Novice: 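Could you have a look at this structure, given as structure tokens, before my questions?
This is a predicted model, so every value here is computed, not measured. Every heavy atom of this structure was used, including side-chain atoms; hydrogens, water molecules and symmetry mates were not. Throughout, protein chains are lettered first and strands after them, A, B, ... in sequence-line order, and every chain is numbered starting at 1.
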Amino acid sequence: MSYAGCQGCLRAEIVDAGLIEFDAARRLQAKLHQRVRVASLDAACVVCEHLPVVTVGRAACATSLRVSADEFARRAIPVIGVERGGDVTYHGPGQLVVYPIIDLSRFGHDLRKYLAFLELLIIGMLDEWGVSGTRRTGLRGVWVGDEKIASIGIAVKHWISYYGFAVNIGTQALENFQLIKPCGMDIAVTCVNIHAGRPVAMSEARARALAVVRRGLCG
Amino acid sequence: LAQEVKMTTVVVPSLGEGVESAMVSYWYVKTGQQVKKDEVLVELTTDKAAFNLPSPCSGRVAEIRVPEGTQVKVGLAIATIEE
């Protein structure tokens, strides 16, 4: 895990947490959220990759899990209820996860404006790999054609946002999506390595995310 | 002498342009419970975001007006705090 101050915004903390369990990232976000709340930081961000986990957001439907609890247990995939918006999603190796922690006064206390900002941040990141991501009317996340490449979901406490977005980088990130209905929908998912024309390593993806976050959140 | 009691209404705040309603997804408090200013009262969810609404003042939760699972419009009174 590495920590770095942020250029152009001295009181930001960007954490490259590497491959970590979901609960560890949750605890790290809670600490950073508190520091932003008491204004010892202006902003923070955790960039990481998770061990396999299915997270169930506040808007989840019972039908969004396609297999039984026993089957998830057999595959050693925990199913965890989380305090973010949205439905069900999967995190695992090969997927880039970014949790910006930011005071939404910078976005006029407008949730949709912030969600749109995150989607544009993802689209910019994908563009640097030659992948054309788009937003779709009435749907959240970032898409390549009809396939979803990045999911989004936030929680807000004291007008400071946490959680954020996940971008599928490697094909191994896609395998376990068959166990769920991503975001409660019957949709296909895709990843950067299918569209980039070359394999993008997770170390490169995290480095790209760190740069994009520094530029986007703290510039 | 009778002590003056001030009642403060908790309303669904503006959550951004185009956001007209949200769902009451979780009450962190119960009627009769003492709360402090800024303590989270309720979680509202909308459009991929879970928003935690803090108490505007310290006091006792006098009334919770809407149950979990209810879709509520921005500006609607959803609870009352007795200061």
Novice: Could you tell me which of P54(B), P13(B), G16(B), A50(B) has the largest number of non-hydrogen atom pairs under 4.5 Å with chain A?
Specialist: A50(B)
Novice: Any side-chain heavy-atom pair from V11(B) and I78(B) closer than 4.5 angstrom?
Specialist: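 No, side chains not in contact.
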Novice: Could you check whether any side-chain heavy atom of L179(A) comes within less than 4.5 Å of a side-chain heavy atom of V54(A), counting everything from C-beta outward?
Specialist: no
Novice: Decide whether T8(B) and E83(B) meet the rule of one side-chain donor and one side-chain acceptor closer than 3.5 Å.
Specialist: yes
Novice: Hey, can you dump all donor-acceptor pairs under 3.5 Å between chain B and chain A, distances included?
Specialist:
from, atom 1, to, atom 2, distance (Å)
L15(B), O, L111(A), N, 2.9
E17(B), N, D110(A), OD2, 2.9
G18(B), O, R112(A), NH1, 2.9
E43(B), OE1, R58(A), NE, 2.9
E43(B), OE2, R58(A), NE, 2.7
E43(B), OE2, R58(A), NH2, 3.2
D47(B), OD2, R112(A), NE, 3.3
D47(B), OD2, R140(A), NE, 3.4
D47(B), OD2, R140(A), NH2, 3.3
K48(B), O, I154(A), N, 2.9
A50(B), N, I154(A), O, 3.0
A50(B), O, V156(A), N, 2.7
N52(B), N, V156(A), O, 2.8
N52(B), ND2, V156(A), O, 3.0

Novice: With only heavy atoms counted, which part of L115(A) is less than 4.5 Å from chain B, the side chain, the backbone, both or neither?
Specialist: side chain
Novice: A77(B) and T9(B): which non-hydrogen atoms are nearest, and at how many Å?
Specialist: CB-CG2, 3.2 Å
Novice: Side chain, backbone, both or neither: which part of V40(B) has a heavy atom under 4.5 Å from chain A?
Specialist: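 Contact with chain A: side chain only.
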Novice: Should I80(A) and V56(A) count as side-chain neighbours, where that means a heavy-atom distance under 4.5 Å?
Specialist: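 No, every pair of side-chain atoms sits at 4.5 Å or beyond.
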Novice: For residues A44(A) and V36(A), report the shortest heavy-atom separation together with the two atoms involved.
Specialist: N-CG2, 4.2 Å
Novice: Can you find a heavy atom in the side chain of V98(A) that is under 4.5 Å from one in the side chain of L96(A)?
Specialist: yes
